[in-house]
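Before any comments, here is the structure.
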Amino acid sequence: MLKVFDCYRPQPAVDHFVRRAKDPADEKMKVEFFSEHDGYIAEESGHSLRSTVGLTIMAPGSAR
């Protein structure tokens, strides 16, 4: 089964993600979303150009 995480992402949303990633006081969700990438987040995203889709493969019956 495939799960779509995100598709189109407006540039203002990307700007918000970048601000949050750079804010050392904002730890909410960083462990889940940034730990694998050492806190890196792109300041420009193919999602804003409607040319990128985030997908993952999930085991059948997986709740997440």
Side-chain angles (χ1 to χ4, degrees):
M1 174 168 64
L2 290 179
K3 181 176 183 178
V4 177
F5 275 103
D6 53 347
C7 298
Y8 173 66
R9 184 185 307 149
Q11 187 60 46
V14 175
D15 297 341
H16 177 74
F17 293 160
V18 170
R19 280 192 305 275
R20 285 193 59 202
K22 291 180 179 179
D23 181 356
D26 186 352
E27 292 298 320
K28 186 177 181 179
M29 305 299 285
K30 280 188 180 177
V31 173
E32 184 174 349
F33 291 106
F34 296 124
S35 61
E36 293 179 20
H37 307 289
D38 299 322
Y40 174 78
I41 185 167
E43 294 190 15
E44 295 181 6
S45 172
H47 294 280
S48 300
L49 301 173
R50 298 182 175 118
S51 64
T52 303
V53 175
L55 298 173
T56 191
I57 299 173
M58 298 180 60
S62 177
R64 199 166 173 197

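Everything quoted here is computed from the prediction, not taken from an experiment.
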Worksheet item: Are any side-chain N or O atoms of Thr56 and backbone N or O atoms of Lys3, one a donor and one an acceptor, separated by less than 3.5 Å?
Response: no
For Gln11, the side-chain contact (heavy atoms from CB on, under 4.5 Å) test, sequence neighbours excluded, returns Val14, Asp15, Ser48
* **Sub-4.5 Å side-chain heavy-atom contact between Leu2 and Ile57** => yes
